[in-house]
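Written below as C-alpha cells is the structure these notes are about.
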Amino acid sequence: QNLDYAFLMWYASGLAEYYMQLEDDVQVTPNFLPTVRRYMKEKVTGDAWVMAAFSKLGFIGKLFDAARLPKLAEFLLIYHAEAPCDWLVWIFIDAVSTQPVT
C-alpha cells in the first residue's frame, strides 16, 4: 500500500495546491469540501505546516501541501517495508517539521 501511495503522490504533486488522501469508499458529510477550504484559509494558509488531519482514521482524510508530496512519496518508497503509511507519515512530519509532533 505504501508503494501505491508513493506513486499516486508523485503523479499528483503538480496537479493542485493540496492533496488529500481518501479511499474510494469514504462518504463525506454535506459541505465537507467548503469546510476544508474554509479551515485551510482561516487556520493554515501562510503558516508553516506539513499535514492537516480531517479524520481520525489512519491515513484517510490527511491533507498535504502538494509541494511536499515528492519528499513524502520518496520517504514512503524508502521505508515502505518498515511500517504502515499512517505510522510513517508521523515520522516524516517529525523529520521535516521544526515543531515536534504531539
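This chain uses plain numbering: 1 for the first residue, then up along the sequence.
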### Query
Apart from L15 itself, which Ile, Leu, Val, Met, Phe, Trp or Tyr residues share its cluster (side-chain heavy atoms under 4.5 Å, direct or through members)?
Y11

Name the atoms and distances for all side-chain donor-acceptor pairs under 3.5 Å in residues 50-57, with sequence neighbours left out.
| residue | atom | partner | partner atom | Å |
| --- | --- | --- | --- | --- |
| S55 | OG | L57 | N | 3.0 |

### Min side-chain heavy-atom separation F32-V36 under 4.5 Å
yes

### Message
Between V89 and F59, is there a side-chain heavy-atom distance shorter than 4.5 Å?
### Response
yes

### Task
Please identify each residue that fulfils side chain to side chain contact (heavy atoms under 4.5 Å, CB included) with N31, with sequence neighbours left out.
P34, T35

### Message
Please check: side-chain N/O of S13 versus main-chain N/O of W10, any donor-acceptor pairing under 3.5 Å?
### Response
yes

### Task
Measure from the side-chain N and O atoms of K62 to the backbone N and O of I60, and report whether any donor-acceptor pair falls under 3.5 Å.
yes

### Shared hydrophobic cluster for Y19 and V96 (ILVMFWY, side-chain gaps under 4.5 Å)
yes

### Task
Could you state whether V28 and Y18 fall into the same hydrophobic cluster, counting links through intermediate Ile, Leu, Val, Met, Phe, Trp or Tyr residues with side-chain heavy atoms under 4.5 angstrom apart?
yes

Tabulate below the donor-acceptor pairs under 3.5 Å that side-chain atoms of residues 66-88 make, not counting sequence neighbours, or state none.
| residue | atom | partner | partner atom | Å |
| --- | --- | --- | --- | --- |
| R68 | NE | W49 | O | 3.1 |
| R68 | NH2 | W49 | O | 3.2 |
| H80 | ND1 | L77 | O | 2.8 |

### Under the side-chain hydrogen bond (donor to acceptor under 3.5 Å, both in side chains) test, residues paired with Y5 that sit two or more places apart
Q1, E23

### Task
List the steps, then state whether side chain to side chain contact (heavy atoms under 4.5 Å, CB included) holds for L63 with M40.
CA-CA 10 Å; L63 186 121; M40 296 306 292; 3.4 Å; yes

